[in-house]
Amino acid sequence: MERKKSPEEKYAEDIAEAFALSYLQEKFGHDFFIGSQIENIIAENENVNIIYQYVEDVKYFGAAVSHESGEKFIAINSYHPLRIRYFTVAHELWHLTRGIMIQDKNFNHERAADRFAAAVMLPRTLTKDLWERYKKESGIEKTVISIADLAQVPYQSVIRRAKEIGIKFPSSLLKKTEEEWQVERIKLGFPSSNLDKAVKDTRFFAYEDVVVKGVEHYGLDTLTAASKLAKFAPQKAEQYQKILYVGDAEDES
């Protein structure tokens, strides 16, 4: 039997749902899925710096940090499949935008962040309309997979969102893991999806820009720059190493 939500949990989810609705109305509307564009959206519209890390830790998904300078950062673990990565970005967006408006120490921000992410990535009306349409044609399992692919979100997020907006389905589906859904999609005739795979990514554009400006305008030597960029911008680091190598060769000649 599923555990009943506490009043605090329900309050956090209701607040997050309302914030997500206003966010979509302000920015995009409700008639399409944001999907992978969530990363570009927060970088360009919310002035958030994204740090892509690759940490082989199944329990670490990401983090949100506000610097005293006013700059905002979201760290994302690219160890996880893409559909989980996109949902994580939306989750962390709560902590840097809507969440900071709530100063109550007892407020359940993690619960709110999950609900905010679900409501932003899976708009209520669009999700409900598509669910009804696909269910008539294909059945519930195919409906979950189809919407998960369209919205580019975890399968489990589709199921939880369906429950949140009052859609009826067998409770057993709530227990299915992401891995089990991947097996199910093959059984049902769906092709494998790149969204179920991780794309190893280690980048920090804002940091790279600072180092490059240091080289171009403030006399930072290319050896130091290459060392600083080795982790987050290996291609740029390699370029600086080549410049250093060519320079040494010319000196010897």
Checking K176 now: which residues fulfil side chain to side chain donor-acceptor pair (under 3.5 Å) with it, not counting sequence neighbours?
E184
Taking all atoms of both residues into account, what is the closest heavy-atom pair of A64 and L96, and its distance?
CB-CG, 3.7 Å
N106 vs Y11, side-chain hydrogen bond (donor to acceptor under 3.5 Å, both in side chains): CA-CA, chis, key distance, verdict
CA-CA 11 Å; N106 296 318; Y11 175 69; over 6 Å; no
Same cluster for Y134 and W131 if Ile/Leu/Val/Met/Phe/Trp/Tyr side chains link at under 4.5 Å?
yes
Taking it one step at a time, do I102 and H109 satisfy side-chain contact (heavy atoms from CB on, under 4.5 Å)?
CA-CA 9 Å; I102 301 172; H109 278 284; 4.1 Å; yes
Non-hydrogen side-chain atoms of V153 and Y86 separated by less than 4.5 Å:
no
Any donor-acceptor pair under 3.5 Å from N77 side chain to V55 backbone
yes
Taking the side chain as C-beta and beyond, is there a heavy-atom pair between Q25 and L21 under 4.5 Å?
yes
Looking at I42 and E39, what are the two nearest heavy atoms and their distance?
CG1-O, 3.4 Å
Do you know which two heavy atoms are closest between A90 and F116, and how far apart they sit?
O-CD2, 3.7 Å
How far apart are the closest heavy atoms of A119 and E17, and which atoms are they?
CB-OE2, 3.8 Å
Roughly how far, to the nearest 0.5 Å, is CD1 of I51 from CG of D201?
12.5 Å
State the CD1-CD distance between I38 and E92, to the nearest 0.5 angstrom.
11.5 Å
In terms of hydrophobic clusters joined by side-chain contacts under 4.5 Å, are L130 and F32 together?
yes
Distance under 6.0 Å and angle within 45° of ring axis: R85 vs Y52:
no
Any E178 side-chain heavy atom under 4.5 Å of P81 side chain:
no
Quick one: does N108's side chain get under 4.5 Å of E8's, heavy atoms only?
no
Nearest 0.5 Å, please: how far is CG in L24 from CG in D31?
10.0 Å
Please confirm whether the backbone N or O of S36 pairs with a side-chain atom of Q152, one donor and one acceptor, at under 3.5 Å?
yes
Partners meeting side chain to side chain donor-acceptor pair (under 3.5 Å) with E132 (sequence neighbours left out):
none
E164 bridged to R161 by N-O distance under 4.0 Å:
yes
Could you state the interatomic distance from NZ (K200) to OG (S78), rounded to the nearest 0.5 Å?
8.0 Å
Name the orientation class of the two ring planes belonging to W181 and Y155 (parallel below 30°, tilted from 30 to 60°, perpendicular beyond 60°).
parallel
Tested for ring pair (Phe, Tyr, Trp, His ring centres under 6.0 Å) against H80, the lone hit among Y60, F87, F61 is F61
When clusters are formed by joining ILVMFWY residues with side-chain heavy atoms under 4.5 Å apart, either directly or through shared neighbours, do I186 and I145 land in the same one?
no
Student check: side-chain heavy atoms of L173 and E141 closer than 4.5 Å:
yes
Please check this pair: side chain of R111 against backbone of A12, looking for a donor-acceptor N/O pair closer than 3.5 Å.
no
Residues H95 and A113: closest non-hydrogen pair is NE2-CB, 3.7 Å
Derivation of the side-chain contact (heavy atoms from CB on, under 4.5 Å) call for F169 and T143:
CA-CA 11 Å; F169 56 85; T143 295; over 6 Å; no
In terms of hydrophobic clustering (I, L, V, M, F, W, Y; side-chain heavy atoms under 4.5 Å; direct or indirect links), are V199 and Y79 co-clustered?
no
Give the cluster check for I165 versus M121: same hydrophobic cluster or not, with ILVMFWY residues linked at side-chain heavy-atom distances below 4.5 Å.
yes
Minimal heavy-atom distance between V144 and I159, with the atoms involved, is CG2-CD1, 3.6 Å
Using 0.5 Å steps for rounding, measure from the NZ atom of K197 to the CG atom of N194.
5.0 Å
Roughly how far, to the nearest 0.5 Å, is the NZ atom of K168 from the CD1 atom of I140?
12.0 Å
Residue pair D149, R83: steps toward the salt bridge (Lys or Arg N to Asp or Glu O under 4.0 Å) verdict:
CA-CA 8 Å; D149 285 357; R83 61 174 82 242; 2.9 Å; yes
Heavy-atom count check: over 12 atoms from other residues, nucleotides or ligands less than 6.0 Å from Y54 OH?
yes
